[in-house]
Amino acid sequence: MDKQFTGNFADKVREAVRQIPRGKTMSYKEVAYAVGKPLASRAVANVMANNYDSTVPCHRVIRSDGKLGGYNRGGIIKKRELLLAEGCKI
DNA sequence: ATAATGACGTGAT
DNA sequence: AATCACGCCATTA
């Protein structure tokens with residue numbers, strides 16, 4: 001395994017994202033707030049970008065502006081499809 | 001310790 | 001509405 005994000009922060013982020021119920025979405029800012037760092041939206045995004053864990057529905061994390069942001073598992077297109085398939089309004 | 005990076009956010013233009 | 005500039009944060013080199 002490649003080195004994952006070393007740090008407590010990343011773990012918390014992954015854990016929080018893992019709790020996002022199906023059909024729901026959370027903005028990076030919301031996740032950051034959930035882990036206790038409402039201003040760390042940037043860092044959250046970094047964690048997502050380096051996170052390849054299938055148990056973490058990183059596709060449910062989108063921007064606050066309503067944009068999708070990015071996806072490292074097939075591109076934003078795949079991400080949009082997944083969200084739509086879950087019934088998320090984007 | 002300093003600089004650079006990036007799936008961000010908000011306010012200004 | 002779209003774009004630009006600045007701020008914020010954790011991690012890496």
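Every chain is numbered from 1, with letters handed out A, B, ... down the list of sequences.
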Peer 1: Report the nucleotide, chosen from B:dT10, B:dG6, B:dA7, that has the shortest atom-to-atom distance to any side-chain atom of A:Asn46.
Peer 2: B:dG6
Peer 1: Between A:Met48 (CE) and B:dG6 (P), how many Å, whole number?
Peer 2: 17 Å
Peer 1: C:dC9, B:dT10, B:dA7: which one has an atom nearest the side-chain heavy atoms of A:Cys58?
Peer 2: B:dA7
Peer 1: Would you say A:Val47 and A:Arg14 make side-chain contact, with heavy atoms under 4.5 Å?
Peer 2: yes
Peer 1: Rounded to the nearest angstrom, tell me the gap between atom CG in A:Leu83 and atom C1' in B:dA7.
Peer 2: 13 Å
Peer 1: Specify the residue among A:Lys29 and A:His59 whose closest nucleotide of DNA chain B lies further upstream toward the 5′ end.
Peer 2: A:His59
Peer 1: Is A:Val44 reachable from A:Ile20 through a run of hydrophobic residues whose side-chain heavy atoms are each under 4.5 Å from the next?
Peer 2: yes
Peer 1: Using whole Å, report how far CG of A:Leu39 lies from C1' of C:dG7.
Peer 2: 10 Å
Peer 1: Within the 4.0 Å heavy-atom criterion, would you say A:Ala40 contacts the bases, only the backbone, or no part of the nucleic acid?
Peer 2: sugar-phosphate
Peer 1: What is the distance from CG of A:Asp65 to C1' of B:dT10, rounded to the nearest Å?
Peer 2: 9 Å
Peer 1: Could you measure the distance from the NZ atom of A:Lys79 to the CG atom of A:Leu84? Nearest 0.5 Å is fine.
Peer 2: 12.0 Å
Peer 1: Send over the distance from A:Lys67 NZ to B:dG9 P, rounded to a whole Å.
Peer 2: 11 Å
Peer 1: Give a yes or no on whether A:Phe9 and A:Val61 share a hydrophobic cluster (residues Ile, Leu, Val, Met, Phe, Trp, Tyr; joining criterion: side-chain heavy atoms under 4.5 Å apart).
Peer 2: yes
Peer 1: What distance separates A:Arg18 CZ from A:Asp53 CG, expressed to the nearest 0.5 Å?
Peer 2: 6.0 Å
Peer 1: Roughly how many Å is it from NZ in A:Lys78 to P in B:dA7, rounded to a whole number?
Peer 2: 20 Å
Peer 1: To the nearest Å, give me how far apart CD (A:Glu30) and P (B:dT10) are.
Peer 2: 10 Å
Peer 1: Heavy atoms only, 4.0 Å cut-off, all strands: where does A:Phe9 land among base, sugar-phosphate and nothing?
Peer 2: sugar-phosphate
Peer 1: Establish whether the base of B:dA7 is bridged to the side chain of A:Tyr71 by a donor-acceptor pair shorter than 3.5 Å.
Peer 2: no
Peer 1: Does the side chain of A:Lys37 get closer than 4.0 angstrom to OP1 or OP2 of C:dC8 through an N or O atom?
Peer 2: no
Peer 1: Side-chain N or O of A:Arg63 less than 4.0 angstrom from OP1 or OP2 on B:dG9?
Peer 2: yes
Peer 1: Could you check how far CG of A:Asp53 sits from C1' of B:dA7, rounded to whole Å?
Peer 2: 16 Å
